[in-house]
2 protein chains.
Amino acid sequence: MLSVTTARQPLEPILEDLEKAEGLAALQAASEQIRDHYRVDHVVYHWVDSAGDQYGCGTYSDTWRDRYLEQNYLRVDPVILGCFQRFHPVDWKRLDWSSKAARAFQAEAIEHGVGNQGFSVPIRGPNGQFALFTVSHSCDDDTWAGWTDAHRRDLILIAHTFNEKALEFEPDRTPEQSQSLSPREVDAMTFLAMGYSRAQVADTLAISEHTLRVYIESARFKLGAMNTTHAVARAMSRGLIVV
Amino acid sequence: MLSVTTARQPLEPILEDLEKAEGLAALQAASEQIRDHYRVDHVVYHWVDSAGDQYGCGTYSDTWRDRYLEQNYLRVDPVILGCFQRFHPVDWKRLDWSSKAARAFQAEAIEHGVGNQGFSVPIRGPNGQFALFTVSHSCDDDTWAGWTDAHRRDLILIAHTFNEKALEFEPDRTPEQSQSLSPREVDAMTFLAMGYSRAQVADTLAISEHTLRVYIESARFKLGAMNTTHAVARAMSRGLIVV
DNA sequence: CGTACCCTCACCATTTCTGGGGAGTAGAAA
DNA sequence: TTTCTACTCCCCAGAAATGGTGAGGGTACG
């Protein structure tokens, strides 16, 4: 049971155990340990790949997890949708549950034992990488508010550490070093991303449009892109240009 | 001076003072307080807008800050470029300083008292928002490694709190609810960002190219984009599509 | 001192994109 | 029930981007 007094429990051992974890099975065990330590119903880490692939790890029941994947709830789940637009950790109460799909989802989640309260920490990386660290529980609002106030900072740190570990075991998810662009190529990509036409970019850079085309083509080649839009998208997601 | 023993200093008062800060001037004071508390040379918070606008706050000298802005070092600074590609907090030693521009930049930074060591925490938000919380210092590698090991977690929490505060005082930077795209528009933008031509996207979505064009045009309109490339770039930087 | 990469400029033919129209369905919201 | 939004389809002509090929001068590095 969750106590309203919410005495600060020591965080260090949790983080240390987490940092010692080796392999995905250990992460699974770590989430259970965190759950038991804080005496909440569930602790979940949820990764959403840049390609839309998912990876989850936590204490939700298998049936709920399977159902979630099977129904592609990723695109309905208000927790995902809400956190994806937010900077900071968020209490589930502050999310938008107004749509019909969202309420149906919520009802089904509670039915599967997810809990009526929740707190999720969004974690973002380059290339649109996104993960969530979530704690959920069943209790009344005041109890939950007290608990989250007391453990908010802990959860941020645990989320970070958990994410670091999860990335460590999945090197595929760390972005590979891509070939860099020349200054002029960066200029070209940047202005194109800002919506300038080729003629406008050439004018802005005070070069002929022919020259500009050479840059765009070489950038496209370096980025392995099939067209200008693709090249700009890749340059952005690789952080080669900042728009 | 930075002590190698790195006894854990209490973090709570720092965070509490930070959370009490009201206004940008208070944040400036907070960065100085953090600097003095940890006895490092500099503490800096640096925001990079999705439009390329910057906002900085910290203990760097005015001359260096002006120089940085004036020279548009944003696009050269290996700390920015490196952290933009990274998930986790990073020690400056692990960044890529190999290019000529980078080394020139480093030399000039040290000349302006920035310090030869540094540790930066990247913070990301929706819509491609990006900020850095940096601590820099002058000392040898071992001392620095010891210090960062001891305070890594503190810095993550401070970075989060600092960022929360900075956002609070600049509501402009909180993402205006950008008009969302319809599912089909998201599909269209996504495939375009993946390099598909209009014909290919239409084929993939099993709709006519004419229909596809309607989606692209309405997406372009919603995003206030001047052309397809611009629309895709905006959709990406606003986190509306994930590629 | 050669190699390699970057910056600059040019033409031609073809493909692709864009902007201007108009029109019907279904489902959800008001 | 009406209204609104999303989704689907169509034509045409002009604007823009692309692909292929070629060439010269500059700087950096071994």
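Chain letters run A, B, ... following the sequence lines, proteins first, then strands; residues in each count from 1. None of these values were measured; they are calculated from a predicted model.
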Using a cut-off of less than 4.0 Å, is there contact between a side-chain N or O of Lys222(A) and OP1 or OP2 of dC6(C)?
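Answer yes for this pair, as a side-chain N or O of Lys222(A) is under 4.0 Å from OP1 or OP2.
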Please tell me if the side chains of Asn163(B) and His160(B) come closer than 4.5 Å, counting only heavy atoms from C-beta onward.
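A side-chain contact is absent here, since even the closest heavy-atom pair is not under 4.5 Å.
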Closer than 4.0 angstrom, basic N to acidic O: yes or no for Arg152(B) and Glu164(A)?
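Here Arg152(B) pairs with Glu164(A) in a salt bridge, since their nearest N and O are under 4.0 Å apart.
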Between Glu209(A) and Arg213(A), is there a side-chain N and carboxylate O pair less than 4.0 Å apart?
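Looking at Glu209(A) and Arg213(A), the cut-off is not met.
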Quick one: [X] [atom1] to [N] [atom2], roughly how many Å, whole number?
X	N	atom1	atom2	value
Glu209(B)	dC7(D)	CD	C1'	17 Å
Met189(A)	dA17(D)	CE	P	12 Å
Ile216(B)	dT16(C)	CD1	C1'	11 Å
His210(B)	dG24(C)	NE2	P	17 Å

Stretch residues 195-206 of chain A: residues that reach within less than 4.0 Å of DNA chain D through a heavy atom
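Listed by number, they are Ser197(A), Arg198(A).
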Give a yes or no on whether a donor-acceptor pair under 3.5 Å exists between the nucleobase atoms of dG19(D), that is its base, and the side chain of Arg213(A).
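Answer yes: a donor N or O sits under 3.5 Å from an acceptor.
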Quick one: the side chain of Arg184(A) and the base of dG26(D), do they pair up donor-acceptor inside 3.5 Å?
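Under the 3.5 Å cut-off, the side chain and the base do not form any donor-acceptor pair.
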Val214(B) or Thr228(B): which one's nearest nucleotide on DNA chain C is closer to the 5' end?
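This one resolves to Thr228(B).
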When the axes are fitted on five pairs at both termini, how much does the helix from dC1(C)-dG30(D) to dA30(C)-dT1(D) curve, in 10° steps?
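One end axis against the other gives 70°.
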With under 30° as parallel and over 60° as perpendicular, where do the rings of Trp64(A) and Tyr60(A) fit, or are they tilted in between?
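The arrangement is perpendicular - the two ring planes meet at more than 60°.
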Given dA10(C), dT8(D), dT8(C), the nucleotide with the shortest approach to the side chain of Ser208(A):
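The answer is dA10(C), which lies nearest to the side chain.
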